[in-house]
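Report on one structure; see the data block that follows.
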Amino acid sequence: MSEERSLNFIEEIIEEDLKGGKYKSIITRFPPEPNGYLHIGHASSICLNFGLTKTYPGYTNLRFDDTNPVTEETEYVDSIKEDIKWLGFEWKNELYASDYFGELYQFAHKLIDKGLAYVDDSTSEDIAAMKGTPTEPGKNSPYRERTIEENKRLFEGMKNGEFPDGSKTLRAKIDMAHINMLMRDPILYRIKHAHHHRTGDDWCIYPMYDFAHGQSDSIENITHSICTMEFIPHRELYDWLIEKLEIFPSHQYEFARRNINYTVTSKRKLLQLVNEKYVEGWDDPRMPTISGLRRRGYTPESIRDFCDRIGIAKRDNIVDVGLLEFCAREHLNKVALRRMVVFDPIRITLTNYEGGGEQLQTENNPEDVNGGVRNISFGKHLFIERDDFMQNPPKKYFRLAPGQMVRLKSAYIIRCDEMVKDDAGNVTELLCTYFPESKSGSDTSGIHVKGTLHWVNADDSIEVVVREYDRLFRVEDPSSEEGDFKEYLNPGSLKLVTGHAEPSLKNAAVNDRFQFLRKGYYCLDKESPSDKMVFNRTVTLKDGWKK
RNA sequence: UGAGCUAUGGUGUAACGGUAGCACUACAGAUUUUGGUUCUGUCUGUUAAGGUUCGAAUCCUUAUAGCUCAACCA
């Protein structure tokens with residue numbers, strides 16, 4: 001391994017396992033439940049699991065943890081696969097916990113045969129009541145001592161649909177006084193007469209997480225089963241089941257879930273935002289979902305870079321969304337095509353300009369030597385940003401003001417001579433002179449100006465719609481605030497504005513990335529209508545100008 | 001108040017008993033036909049108290065704080 005980069009604790013474990021000869025190669029898995037869309041937190045787990053088998057010999061499976069038919073849908077399966085591929089990873093095998101329902105059923109019988117599982121007729125309330133509390137032991141179920149034969153018969157009956165939902169469960173027989181609540185005779189199987197997105201109506205009993213996850217890991221010979229910290233208490237049960245079942249000893253390792261400020265990443269909360277129409281869907285560009293970030297204009301590279309930078313550790317964290325934005329700018333700066341778009345225009349008339357149809361050349365991307373150039377048309381009537389003019393400028397104002405000169409990007413230097421005002425005294429137009437000898441690339445004017453402005457030709461610019469996104473929430477950690485998290489939504493998270501764009505933007509495609517000069521990074525929305533193009537603002541440019 | 005996990009600048013993450021480093025942010029300056037980029041520099045940190053040691057962010061003890069565990073969810 002390279003010496004420069006320090007290893008995270010999971011990589012350290014793997015290196016030791018490899019060095020010590022415990023394994024020759026490793027197998028990891030990414031195990032989403034298909035009950036929602038993947039978000040930035042999942043991206044971290046994906047980069048970890050798939051990244052590990054890029055650095056070390058081995059492979060990574062994609063396994064859907066689909067053991068709860070009532071919340072899971074094929075739509076989610078499809079979106080998850082799309083997101084992983086888009087992020088740039090390939091799984092070795094596409095697998096489903098539901099593939100193992102038959103095997104899992106046999107495992108359950110094995111446990112019953114060993115006297116380590118029993119069928120319980122208690123209601124869920126009774127089971128909860130007998131569970132005890134973290135400080136008090138639980139009580140044994142009255143059904144705990146059924147014979148192996150009776151348990152086998154009843155469990156088979158459960159499988160054959162002889163009993164209604166909720167009437168019986170299969171439980172592991174461990175210890176109702178165990179210090180770890182999860183070891184107090186955990187439920188292994190429950191009855192659900194529900195349609196499953198893959199197995200249809202073949203089954204009416206479904207294994208619980210604890211009786212599916214570790215067993216699936218084992219079946220696939222997963223060497224390193226990586227999950228988040230809240231599963232630490234499950235590890236004891238994970239190991240217990242593997243030991244009693246005498247199957248391949250996969251091992252579970254836990255890392256801290258990554259949190260980001262000004263958003264939420266619980267599937268329950270994201271689902272609420274979608275269902276209650278606070279956003280337009282799972283892929284709303286304000287959502288922290290992979291599909292939202294994609295639609296917003298984030299690149300896979302920038303997301304992978306982000307995951308890399310925040311690393312993997314075991315302590316609680318709230319990562320500043322500013323780092324995600326930095327990663328976006330970092331990549332986009334290298335790849336985005338530069339275009340000029342004026343948002344809030346003020347009209348300029350060049351009083352001494354008489355040319356017509358003049359074409360100027362400008363670079364598509366100064367960061368990319370192979371980026372090429374394009375033509376932009378100059379003319380007598382132009383638009384610049386209203387912000388780029390001030391009637392009474394402060395001392396360090398480099399932009400346009402009465403009597404002041406600026407360069408128009410890739411064009412000429414102009415001087416503001418006169419303001420035209422309406423009856424209310426608002427400036428509606430600026431009358432300027434241009435300096436013909438100051439043309440970009442062949443400037444012999446000898447004039448030096450501090451400011452360079454973006455502009456468009458008023459006579460051929462096209463109008464586009466631009467969606468300016470801001471953070472979804474007003475507070476850093478909506479979940480920790482008093483009351484409903486939705487009270488903390490940012491009412492200004494979406495603003496629609498009109499942009500006056502240079503005509504070349506007509507050719508924009510969905511996967512193109514643009515920098516609108518001096519403004520930010522933008523991309524064409526995937527549902528942009530052809531008659532009025534819609535662009536999403538990914539992130540603004542850093543603004544170093546202190547007023 | 002049972003048990004478990006975790007504590008390093010504003011944020012994230014390294015340092016594996018031997019110089020507290022990197023990145024983001026912020027702030028200065030240089031460069032710049034984007035107040036962008038790039039480059040240079042600056043500020044800011046080991047939760048606390050004891051102990052072991054020549055030497056502790058690291059090992060031990062205690063305290064404190066945060067998170068997790070009593071779903072027929074995952």
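The sequence lines fix the lettering, A, B, ..., with proteins before strands; numbering per chain opens at 1.
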*When all nucleic acid strands are considered with a 4.0 Å heavy-atom cut-off, which category describes A/Q515: base, sugar-phosphate, or nothing?*
base

*Go through B/A7, B/G35, B/C72 for me and flag the one nearest to the A/S124 side chain.*
B/C72

*Pairing residues for A/R146 by the salt bridge (charged side-chain N to carboxylate O under 4.0 Å, His left out) criterion, not counting sequence neighbours*: A/D121, A/E150

*asked:* Can you check the distance between B/A74 and B/G17, where both ends of the measurement are the P atom (answer in whole Å)?
replied: 42 Å

*Euclidean distance, atom NE2 of residue A/H448 to atom P of B/U32 [Å, nearest integer]*: 10 Å

_Same-atom distance (C1') from B/G45 to B/G21, integer angstrom_ = 12 Å

_Earlier contact from the 5' end, RNA chain B, for A/S440 and A/I191_ = A/S440

*Any side-chain N or O of A/R315 under 4.0 Å from OP1/OP2 of B/U46?*
no

*For atom C1', what is the distance between B/C39 and B/U32, given to the nearest Å?*
11 Å

*Would you indicate what A/P31 reaches in the nucleic acid, counting non-hydrogen atoms under 4.0 angstrom: base, sugar-phosphate, or nothing?*
nothing

*Check whether the side chain of A/R258 and the base of B/G12 form a donor-acceptor pair under 3.5 Å.*
no

*For the residue pair A/A401 and A/C416, what are the closest heavy atoms and their distance?*
O-CB, 3.4 Å

_Strictly by salt bridge (Lys or Arg N to Asp or Glu O under 4.0 Å), give each pair with a member in residues 252-264 of chain A just once, sequence neighbours left out._
A/E230-A/R257, A/R235-A/E254

*Figure out the CZ/P separation between A/F326 and B/A26, and round it to whole Å.*
11 Å

*Length of the line joining A/R309:CZ and B/U13:C1', which is rounded to integer Å*: 12 Å

*Should A/K439 and A/E358 count as an ion pair when the cut-off is N to O under 4.0 Å?*
yes

*Under 4.0 angstrom, heavy atoms only, what part of the nucleic acid is A/G166 near: base, sugar-phosphate, or nothing?*
base

*Interatomic spacing from CD1 in A/I348 to SG in A/C432 - rounded to 0.5 Å*: 4.5 Å

Just the atom pairs and distances: protein N or O near nucleotides 37-40 of chain B's N or O, under 3.5 Å.
unit_1, atom_1, unit_2, atom_2, d
B/U37, O2', A/N333, ND2, 3.2
B/U37, O2', A/E367, OE1, 3.2
B/U37, O2', A/E367, OE2, 3.2

*Could you measure between the two C1' atoms, the one in B/U58 and the one in B/A20, and give it in whole Å?*
11 Å

*Just call it for A/S122: base, sugar-phosphate, or nothing, with non-hydrogen atoms closer than 4.0 Å on any strand.*
base

*When you get a sec, tell me which of B/A14, B/A74, B/A23 is the closest nucleotide to the side chain of A/N8?*
B/A14

_C1'-based separation of B/A26 from B/U64 [nearest Å]_ = 31 Å

_Results of salt bridge (charged side-chain N to carboxylate O under 4.0 Å, His left out) for A/R471 - residues two or more places apart only_ = none

*Quickly work out the A/F306 CZ to B/U13 C1' distance and round it to whole Å.*
12 Å

Using the 3.5 Å cut-off, write out each protein N or O paired with an N or O of nucleotides 63-70 of chain B and the distance between them.
unit_1, atom_1, unit_2, atom_2, d
B/C67, O4', A/D316, OD2, 3.3

*Can you list the residues that meet the salt bridge (charged side-chain N to carboxylate O under 4.0 Å, His left out) rule with A/R171, with sequence neighbours excluded?*
A/D120

*For atom NZ of A/K314, decide whether the heavy atoms of other residues, nucleotides or ligands shown that lie under 6.0 angstrom number more than 12.*
yes

_Atom P, compared across B/C22 and B/C60: separation rounded to whole Å_ = 29 Å

*asked:* Rounding to an integer number of angstrom, what distance separates B/A56 and B/U37 when you compare their C1' atoms?
replied: 44 Å

*For atom CG of A/N68 and atom P of B/A74, their distance in whole Å*: 5 Å

*Is it true that A/D217 and A/R63 have a side-chain N and a carboxylate O under 4.0 angstrom from each other?*
yes

*Distance-only donor-acceptor test, A/R518 side-chain atoms vs B/U34 base atoms, 3.5 Å*: no

*In whole angstrom, what separates A/K192's NZ from B/A71's P?*
15 Å

*salt bridge (Lys or Arg N to Asp or Glu O under 4.0 Å): pairs with one or both residues in residues 323-337 of chain A, sequence neighbours excluded*: A/R309-A/E330

*Using atom CG of A/N35 as one end and atom C1' of B/C73 as the other, report the distance to the nearest whole Å.*
9 Å

*Only counting residues at least two apart or in another chain, list the ones meeting salt bridge (charged side-chain N to carboxylate O under 4.0 Å, His left out) with A/D83.*
A/R294

*asked:* Could you work out, with ring-ring contact (aromatic ring centres under 6.0 Å, His included) as the rule, every residue matching A/H454, not counting sequence neighbours?
replied: none

*Separation of A/Q252 atom CD from B/A74 atom P, in whole Å?*
15 Å

*Inter-nucleotide P distance (B/C43, B/C59), Å rounded*: 30 Å

*What pairs meet the salt bridge (Lys or Arg N to Asp or Glu O under 4.0 Å) rule with one or both residues in residues 361-372 of chain A, with sequence neighbours excluded?*
A/E363-A/K409

*Establish, with yes or no, whether the OP1 or OP2 oxygen of B/C73 is under 4.0 angstrom from a side-chain nitrogen or oxygen of A/T67.*
no

*If you take atom types as modelled and just measure distance, does the side chain of A/H234 reach the base of B/A74 with a donor-acceptor pair under 3.5 Å?*
yes

_Side chain of A/T452, heavy atoms from C-beta onward: which of B/G2, B/U33, B/G4 has the nearest atom to it?_
B/U33

*Are the charged groups of A/R374 and A/E502 less than 4.0 angstrom apart, N to O?*
yes

*asked:* Considering every strand and a 4.0 Å limit on heavy-atom distances, what is the contact class for A/G451: base, sugar-phosphate, or nothing?
replied: nothing

*Base, sugar-phosphate, or nothing for A/R184, non-hydrogen atoms under 4.0 angstrom?*
nothing

*Residue-phosphate contact under 4.0 Å: A/R171 side-chain N/O, B/C72 OP1/OP2*: no

_I want to confirm an ordering. Mapping A/W545 and A/I312 to their closest nucleotides on RNA chain B, which one lands closer to the 5' end?_
A/I312

_Once salt bridge (Lys or Arg N to Asp or Glu O under 4.0 Å) is applied, what residue pairs with a partner in residues 176-197 of chain A remain, sequence neighbours excluded?_
A/R144-A/D185

_Does B/A74 have OP1 or OP2 under 4.0 Å away from a side-chain N or O of A/R190?_
yes

*Find the runs of at least 3 consecutive base pairs, i with j, i+1 with j-1 and so on, that include RNA chain B, using Watson-Crick or G-U wobble geometry with both distances under 3.5 Å.*
B:2-7 with B:64-69, B:10-13 with B:21-24, B:26-30 with B:38-42, B:47-51 with B:59-63

